[in-house]
There are 2 protein chains.
Amino acid sequence: MTTNEDSGIQLRQDELLAALRALSNPHRLSILQWLRDPVMHFEEQKVDATRYGVCVSSIRKRCEVSQSTASQFMATLSDAGLVQTTRIGQWTYFARNEDAIARFRSSVASDL
Amino acid sequence: MTTNEDSGIQLRQDELLAALRALSNPHRLSILQWLRDPVMHFEEQKVDATRYGVCVSSIRKRCEVSQSTASQFMATLSDAGLVQTTRIGQWTYFARNEDAIARFRSSVASDL
DNA sequence: TCGTAAAATTGCGATATTACGATATTGCGG
DNA sequence: CCGCAATATCGTAATATCGCAATTTTACGA
């Protein structure tokens, strides 16, 4: 019987590396920062951005990149666990995963 | 009684990005971590590793990469400001730049 | 079951990174 | 000055990443 404890206070080395890689791109770094205050940094939208985050279209416009690029950016941040996804109808909303970001901070603070 | 004047200072966005990019490689991330305890993680050498850090040859052996690759890794970490360099004779010693790392931590804590 | 809209996926060219061997540079000692 | 050792830099090939257009998938509404 193995105890799988992946909701700990810090990240594993491979998770830490994945987070660092995800944030090593200027667009993706800015997106995560903008998501701290989505109402300020993105256009208005149907659902509450503070609760659900923002959709790909909003990110596309703010970054001035193509739809596929914006989608790929969010997939990378999602794979690294830094954002959480909520699908509502045709829209996919991305919000910060504050727990994961806190673990990332904790890892940077103690494992680096 | 000393006051750490750097504890509240953060990196500019481009400096933060450079640090994240420098750490987005498994070798470079490990090197910076190993340098927390150079005596434990690297072979013995002439000068005090705790004071001056370790030379390229030690890093080369520990990482099992070529001399040029090890040298390039350290140049990248140095360009990002995460390590400081001390040239003694034919050797270049690399040690953690704790002030810069503290600023990186501070940036991750408050700008991310 | 259409048509439409949003997002995800695929495939591609351009660019960047990685890691190497070869070579140049730096610094010591004889 | 010469030879040697350590490191830095250069040129390279392989691989990875970036960002796009085109296409596919998913979901809604008429």
Side-chain angles (χ1 to χ4, degrees), chain A residues 14 17-32 35 38 42-49 52-80 82-95, chain B residues 14 17-32 35 38 42-49 52-80 82-95:
Chain A
D14 63 315
L17 188 63
L20 289 165
R21 302 195 76 172
L23 296 175
S24 71
N25 170 285
H27 286 119
R28 291 192 298 260
L29 176 60
S30 291
I31 290 168
L32 201 73
L35 283 174
F42 298 92
E43 64 176 10
E44 220 179 334
Q45 58 182 22
K46 299 185 178 179
V47 306
D48 180 12
Y52 298 105
V54 302
C55 66
V56 174
S57 300
S58 297
I59 291 157
R60 187 194 70 69
K61 285 171 191 158
R62 186 66 171 81
C63 290
E64 295 181 299
V65 293
S66 71
Q67 179 268 325
S68 60
T69 299
S71 181
Q72 190 52 58
F73 282 163
M74 300 321 292
T76 300
L77 288 170
S78 180
D79 289 348
L82 296 168
V83 298
Q84 55 187 321
T85 298
T86 307
R87 181 100 195 198
I88 299 177
Q90 309 153 258
W91 293 271
T92 305
Y93 295 98
F94 297 91
Chain B
D14 62 316
L17 188 62
L20 289 165
R21 301 195 78 177
L23 296 174
S24 71
N25 170 285
H27 285 120
R28 292 193 298 261
L29 176 60
S30 291
I31 290 168
L32 201 73
L35 283 174
F42 298 92
E43 64 176 10
E44 219 178 334
Q45 58 181 23
K46 300 185 178 181
V47 306
D48 179 13
Y52 299 105
V54 302
C55 66
V56 173
S57 301
S58 297
I59 291 158
R60 186 194 69 70
K61 285 171 192 158
R62 186 69 171 81
C63 290
E64 295 183 299
V65 293
S66 70
Q67 179 269 323
S68 59
T69 299
S71 182
Q72 190 52 56
F73 282 162
M74 301 320 293
T76 300
L77 287 171
S78 180
D79 289 348
L82 296 168
V83 297
Q84 55 188 322
T85 298
T86 306
R87 181 99 196 199
I88 299 178
Q90 309 154 257
W91 293 271
T92 305
Y93 296 97
F94 297 91

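Hydrogens, waters and symmetry mates play no part in the numbers below; they use all other heavy atoms, side chains included. Quick note on labels: first sequence line is chain A, next is B, and so on, each numbered from 1. Source: prediction; values computed, not measured.
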Ranking Val56(A) and Ser24(B) by the position along DNA chain C of their nearest nucleotide, the one closer to 5' is Val56(A)

If the condition is side chain to side chain contact (heavy atoms under 4.5 Å, CB included), which residues does [X] pass it with, not counting sequence neighbours?
X	value
Leu32(A)	Leu23(A), Leu82(A), Val83(A), Arg96(A), Ile101(A), Leu112(B)
Gln90(B)	none
Ser57(B)	Cys55(B)
Asp48(A)	Thr50(A), Arg51(A)

Any residue of residues 65-78 of chain A with a heavy atom less than 4.0 Å from an atom of DNA chain D: Val65(A), Ser66(A), Ser68(A), Thr69(A), Phe73(A)

For nucleotides 12-17 of chain C, tabulate all protein N/O to nucleotide N/O atom pairs closer than 3.5 Å, reporting atom names and distance.
unit_1	atom_1	unit_2	atom_2	d
dT17(C)	OP1	Arg21(B)	NH2	2.7

For nucleotides 25-30 of chain C, list the nitrogen or oxygen atoms of the protein found under 3.5 Å from its nitrogen or oxygen atoms, one pair per line.
unit_1	atom_1	unit_2	atom_2	d
dG27(C)	N2	Gln90(B)	NE2	3.3

Can you measure Arg60(B) atom CZ to dT18(C) atom C1' for me and round it to whole angstrom units? 18 Å

Rounded to whole Å, please give me the gap between NE2 in His27(B) and C1' in dC20(C). 13 Å

Opening and closing nucleotides of DNA chain D in contact with chain B, under 4.0 Å to non-hydrogen atoms: dA5(D) to dT9(D)

Go through the structure and list residues passing salt bridge (Lys or Arg N to Asp or Glu O under 4.0 Å) with Lys46(B), not counting sequence neighbours. none

Student check: side-chain heavy atoms of Met74(A) and Leu77(A) closer than 4.5 Å: yes

Looking at side-chain heavy atoms only, is the closest gap between Gln45(B) and Trp91(B) below 4.5 Å? no

Roughly what angle, to 10°, lies between the helix axis at the start of the helix from dT1(C)-dA30(D) to dG30(C)-dC1(D) and the one at its end, five pairs per end? 20°

Rounded at 0.5 Å granularity, tell me how far [atom1] in [X] sits from [atom2] in [Y].
X	Y	atom1	atom2	answer
Leu35(B)	Arg62(B)	CG	CZ	11.0 Å
Ser58(A)	Ile31(A)	OG	CD1	11.5 Å
Arg21(B)	Leu20(A)	CZ	CG	13.0 Å

Do the side chain of Arg87(A) and the main chain of Gly89(A) share a donor and acceptor less than 3.5 angstrom apart? yes

Does Ser71(B) reach the main-chain N or O of Ser68(B) with its side chain, forming a donor-acceptor pair under 3.5 Å? no

Which is more 5' along DNA chain D, the nucleotide nearest Glu64(A) or the one nearest Cys55(B)? Just name the residue. Cys55(B)

Residues two or more places apart in sequence or in another chain: which of them pass side-chain hydrogen bond (donor to acceptor under 3.5 Å, both in side chains) with Ser78(A)? none

Residues forming a ring pair (Phe, Tyr, Trp, His ring centres under 6.0 Å) with Phe94(B), sequence neighbours excluded: none

Tyr52(A) atom OH, neighbour heavy-atom count above 12 within 6.0 Å: no

